[in-house]
Number of protein chains: 2
Amino acid sequence: MSPTRAEPDVSFLLDHSSHVLRTRMAAALAEIGLTARMHCVLVHALEEERTQIQLAEIGDMDKTTMVVTVDALEAAGLAERKPSATDRRARVIAVTEKGAEVAKQSQRIVDGVHKAVLDAVPNEDREVFLRVMNGLVSGHLATPVETSQPARRARQSNK
Amino acid sequence: MSPTRAEPDVSFLLDHSSHVLRTRMAAALAEIGLTARMHCVLVHALEEERTQIQLAEIGDMDKTTMVVTVDALEAAGLAERKPSATDRRARVIAVTEKGAEVAKQSQRIVDGVHKAVLDAVPNEDREVFLRVMNGLVSGHLATPVETSQPARRARQSNK
DNA sequence: TATTGTTATACTCTATAACTATA
DNA sequence: TATAGTTATAGAGTATAACAATA
């Protein structure tokens with residue numbers, strides 16, 4: 001029996017590939033003035049009437065991060081905050097006509113970047129690759145480990 | 001021919017899986033008081049005599065980040081800065097006896113976390129998965145896109 | 001002149017706290 | 001009392017600038 005070998009460096013493979021893909025996506029979307037977050041919000045706000053909180057959950061961002069993202073979309077004239085018809089606390093994100101057009105463009109861009117990755121995978125391996133990744137993401141690598149201490153210490157309350 | 005469908009969300013697959021794996025690795029290494037960076041430096045400093053700059057390149061970190069990492073290793077008694085025999089500007093990172101033991105432990109931890117991931121991949125798919133990931137990392141997703149504007153604006157010089 | 005390593009700190013990102021309006 | 005959204009800002013991470021020592 002051959003000696004024990006180090007396991008393949010799965011961390012490097014996933015970290016590096018996701019990092020490079022992220023820079024590529026950011027660069028591609030930047031050409032039409034969007035960030036990945038703006039694209040995400042735009043697309044999901046188009047699907048149906050959604051409030052900021054709902055969109056924040058979908059995009060896995062904090063509600064305060066959501067505020068910044070919506071500010072950017074409003075400043076670019078791509079979306080508007082509208083009062084919710086059913087909850088006067090909440091604001092629905094309405095995509096403008098221009099926003100809808102940009103969303104179509106950005107979706108094409110995103111699809112293009114993803115297609116380029118998949119085209120780089122040999123035909124006969126593509127299905128297995130996607131199956132394995134989907135399996136990991138919904139199974140063994142579905143849930144982040146809870147860090148015993150939060151990402152940041154609770155802020156000093158100085159009242 | 002069926003209508004065009006959105007491409008699989010490769011960004012999500014890679015981002016999510018790498019993020020979860022990263023939290024898991026951080027949690028596992030934290031149990032012996034290491035960060036991933038400390039582990040990385042420890043292991044590569046053990047392989048052969050290396051200076052901070054060389055170790056920084058291997059771990060893809062800034063030299064100032066390297067300073068912090070080596071500070072942590074020294075504080076934990078796992079490594080020491082030694083003057084280089086050939087370049088009086090440079091410092092070689094010497095792993096202590098305790099550091100070497102910890103490195104063995106941390107390597108076992110890292111291998112264990114990686115093995116758990118691969119064990120979650122069906123036997124018959126594992127080889128293809130690794131082949132594809134290695135292919136992407138050394139091919140289509142080898143090099144990050146150069147951001148036209150740097151990650152951070154140049155700092156104001158106030159001399 | 002260029003490079004190693006250091007210190008100090010500015011910049012970005014993100015999340016906590018506190019608040020207002022409403023449920 | 002709890003929740004949606006906002007503002008202000010603290011905390012963490014990281015990289016730039018400047019510097020001393022040396023090449």
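Letters A, B, ... mirror the listed sequences (proteins, then strands); counts begin at 1.
Residue I53(B) contributes atom CD1, which lies 12 Å from atom C1' of dA2(C) at whole-angstrom precision.
Counting heavy atoms from C-beta on, the side chains of S11(B) and H114(A) come closer than 4.5 Å. Two residues are said to be in side-chain contact when any heavy atoms from C-beta on lie closer than 4.5 Å; D119(A) and H140(B) fail this criterion.
At its two ends the helix from dT1(C)-dA23(D) to dA23(C)-dT1(D) runs along axes set 10° apart, each axis drawn from five pairs and the angle rounded to 10°.
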Please report, to 0.1 Å, the donor-acceptor pairs under 3.5 Å made by any side chain of residues 127-135 of chain A, with sequence neighbours excluded.
| unit_1 | atom_1 | unit_2 | atom_2 | d |
| --- | --- | --- | --- | --- |
| R131(A) | NH1 | D125(B) | OD2 | 2.7 |
| N134(A) | ND2 | L130(A) | O | 2.9 |

Sequence neighbours left out, cut at 3.5 Å: what donor-acceptor pairs do the side chains of residues 37-44 of chain B make with other protein atoms?
| unit_1 | atom_1 | unit_2 | atom_2 | d |
| --- | --- | --- | --- | --- |
| H39(B) | ND1 | S106(B) | OG | 2.8 |
| H44(B) | ND1 | C40(B) | O | 3.0 |

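Of the side-chain N and O atoms in R88(A), none sit less than 4.0 angstrom from OP1 or OP2 of dG5(D).
With sequence neighbours left out, S138(A) forms a side-chain hydrogen bond (donor to acceptor under 3.5 Å, both in side chains) with no residue at all. Residues forming a salt bridge (charged side-chain N to carboxylate O under 4.0 Å, His left out) with K63(A) (at least two apart in sequence, or on another chain): none. With sequence neighbours left out, the side chain to side chain contact (heavy atoms under 4.5 Å, CB included) criterion links H16(B) to V137(A), F12(B), V20(B). For E101(B), there are no salt bridge (charged side-chain N to carboxylate O under 4.0 Å, His left out) partners, not counting sequence neighbours. Residues forming a salt bridge (charged side-chain N to carboxylate O under 4.0 Å, His left out) with R22(A) (at least two apart in sequence, or on another chain): D15(B).
Scanning residues 18-26 of chain A for heavy-atom distances under 4.0 Å to DNA chain D yields an empty list. Taken residue by residue, residues 30-42 of chain A places no heavy atom nearer than 4.0 Å to DNA chain D. Within a heavy-atom distance below 4.0 Å of DNA chain C, the residues of residues 56-79 of chain A found are D62(A), T64(A), T65(A).
For residues 66-76 of chain A, the pairs satisfying salt bridge (charged side-chain N to carboxylate O under 4.0 Å, His left out) are D71(A)-R81(A), E74(A)-R81(A), with sequence neighbours left out.
Among the heavy atoms of the strands, none lies under 4.0 Å from S84(A).
Of the two residues contacting DNA chain C, namely D87(B) and D87(A), the nearest-nucleotide position lying further toward the 5' end is that of D87(B). Nearer the 5' end of DNA chain D, as judged by each residue's closest nucleotide, is the contact made by R89(A), out of R89(A) and Q52(A).
With hydrophobic clusters built from ILVMFWY side chains whose heavy atoms lie under 4.5 angstrom apart, I109(A) shares a cluster with L34(A).
Other residues, nucleotides and ligands contribute over 12 non-hydrogen atoms within 6.0 Å of the CD atom of E47(B).
In this structure, the separation between CD on E80(A) and OG1 on T96(A) is 6.5 Å, given to the nearest 0.5 Å.
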